[in-house]
Amino acid sequence: MDDQTRYENLCQRVRETALLQSTSALLEWDQQTNLPSQADDYRCQQLTFLAGEVHRRRTDPELGELLNQLSDSPLTEDPESDQAAVVSNLKREFDKDVRVPAQLVEEITKATSAGHNIWVQARKQNDYASFAPTLSNIVDLMQQKADAVGYEDCRYDALLDEYEPGAKTADVTKVLEALRIELVPLIEKIAGSENRPSSEVLHRNFPVDAQKAFAKYASEQIGFDYARGRLDETHHPFCTEIGPNDCRILTRYDSSFFNSGFFGTLHEAGHGMYEQGLRSDQYGLPTGKYCSLGIHESQSRLWENLVGRSSAFWKFFFPVAQQHFPDALNDQTVDSFCASINTVQPSLIRVEADEATYNLHIIIRFELERDLIDGKLSVEDLPDAWNSKYESSLGITPPSFSDGVLQDVHWSAGLFGYFPTYSLGNLYASQFFASAEKEVGDLGVLFAKGEFSDLKLWLNDHVHRQGQKYSSAQLGKRVTGLDLSHESLIADLQSRLYPVYGL
Ligand code: CO
């Protein structure tokens with residue numbers, strides 16, 4: 001067999017695995033939208049079976065053999081080639097997959113699926129003590145997993161790598177610490193301003209049918225392709241890809257809060273436009289797959305915040321919004337409305353946080369989970385550590401575990417290493433947007449006319465079509481010429497929020 005044949009053989013195997021994975025994705029989408037309540041057990045059997053098949057294929061020794069042969073082949077010599085990107089990314093994943101013993105994988109699955117229900121109950125009853133043993137067990141299993149995968153500097157690296165391949169804890173710590181140092185006084189300055197815009201208008205009555213129509217219209221206008229995707233409703237919004245031309249975004253509507261449906265849809269449409277912008281001829285291969293969760297989140301945040309909260313965006317959309325919601329918006333101007341959607345208020349709950357304080361919620365979680373995994377913080381001491389970080393960063397102390405340390409699903413699901421990607425996404429979003437503006441020209445002038453395709457095409461070329469050719473740090477550097485830093489995000493927040501507060 002020559003190397004070209006080996007490469008085709010490799011791609012064929014991986015594309016077949018993608019058929020199984022996309023089938024699972026469809027079953028999961030259906031589970032979150034349409035599944036009858038009694039059908040859950042069998043659906044879990046279906047998903048577990050498919051997950052087993054996927055794992056078997058991903059750890060097949062014949063796959064490892066092919067990857068070894070191709071790694072040393074002239075076919076993958078040019079590091080910029082598709083072949084090199086495909087082989088090196090698959091080899092990295094394969095080497096990790098085979099290092100984690102099957103028994104540990106099974107134990108993690110068991111602990112996290114039981115852990116979910118225990119967490120739900122504990123949160124409901126505000127009872128941290130009933131969740132602590134479960135969390136201890138999950139932390140212990142994640143430490144074992146990190147040790148099995150291996151790491152150079154610290155254990156957390158091994159877990160972070162799953163969501164942000166190639167990222168190192170030390171670098172993330174440095175950039176997020178620099179961000180925190182700038183954010184805390186920025187938020188204090190806003191809190192101390194005399195000019196206090198109200199967000200009351202956002203809590204008026206927004207009929208759900210009108211919200212659906214407006215959200216669909218706006219997401220289509222910015223470039224989400226409904227011939228290759230759908231928008232549906234769910235409890236926990238997300239975006240999933242079921243094939244090269246089938247991207248599903250999900251949102252939720254609240255008739256007495258404008259933001260959750262509208263900005264939730266823009267956010268998921270941003271994720272969806274990334275998926276739709278990947279190279280469909282490479283579907284299933286690393287060259288047709290998103291780079292990292294941080295880069296994925298950069299695309300959702302860019303459309304949600306940098307585009308969707310700008311005054312230029314609302315110059316175009318506000319009159320349309322008034323047509324959809326005449327009762328709620330007729331006494332508003334575009335300026336008063338823009339001020340309302342850009343208010344900042346320290347709060348307890350991450351998913352309800354505004355754009356500025358949101359990153360502090362993330363930094364707190366990142367520091368805590370890093371220290372849990374590295375063995376520097378015990379599960380017993382976690383609630384106190386949580387509360388003191390909230391006090392020092394946001395000036396508030398949670399009155400209960402439910403509104404504090406128990407609020408997020410991630411840790412009960414074993415998702416350690418996931419949280420920092422939210423803030424990395426915000427940082428990348430600002431840097432990408434600044435570069436786009438430099439190269440495309442004044443984007444606000446285009447937005448005010450309802451034109452978003454120049455920005456979308458720029459992102460298609462510079463970010464989406466790169467797939468996994470580069471790590472997130474390499475991609476950021478290639479696109480922006482800069483290392484990741486807090487500066488662009490801080491500048492964006494200042495330029496948009498300070499005028500709202502008369503600063
Ligand atoms: Co997101």
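Values reported hereafter were calculated over all heavy atoms of this structure, with side chains retained and with hydrogens, waters and symmetry mates removed. In listed order, ligands and their atoms are each counted from 1.
Lys96 is linked by a side chain to side chain donor-acceptor pair (under 3.5 Å) to Asp161, counting only residues two or more places apart in sequence or in another chain. Residues passing the side chain to side chain donor-acceptor pair (under 3.5 Å) test with Glu164, sequence neighbours excluded: Ser292, Ser472.
Around the Co ion (ligand 1), the protein N, O or S atoms closer than 2.8 Å are His267 NE2, His271 NE2, Glu297 OE1, listed by chain and residue number.
Classification of Arg252 and Asp254 as a salt-bridged pair fails, no side-chain N sitting under 4.0 Å from a carboxylate O. Taking a cutoff of 4.0 Å between a charged side-chain nitrogen and a carboxylate oxygen, Arg180 and Glu177 qualify as a salt bridge.
Between Tyr422 and Tyr418, the ring-plane angle classifies as tilted under the 30° and 60° cut-offs.
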Using a 3.5 Å cut-off and no angle test, enumerate the donor-acceptor pairs between side-chain atoms of residues 212-220 and protein atoms at least two apart in sequence or in another chain.
from   : atom 1 : to     : atom 2 : distance (Å)
Lys212 : NZ     : Glu233 : OE2    : 2.8
Ser219 : OG     : Ala215 : O      : 2.9
Ser219 : OG     : Lys216 : O      : 3.0
Ser219 : OG     : Tyr226 : OH     : 2.7

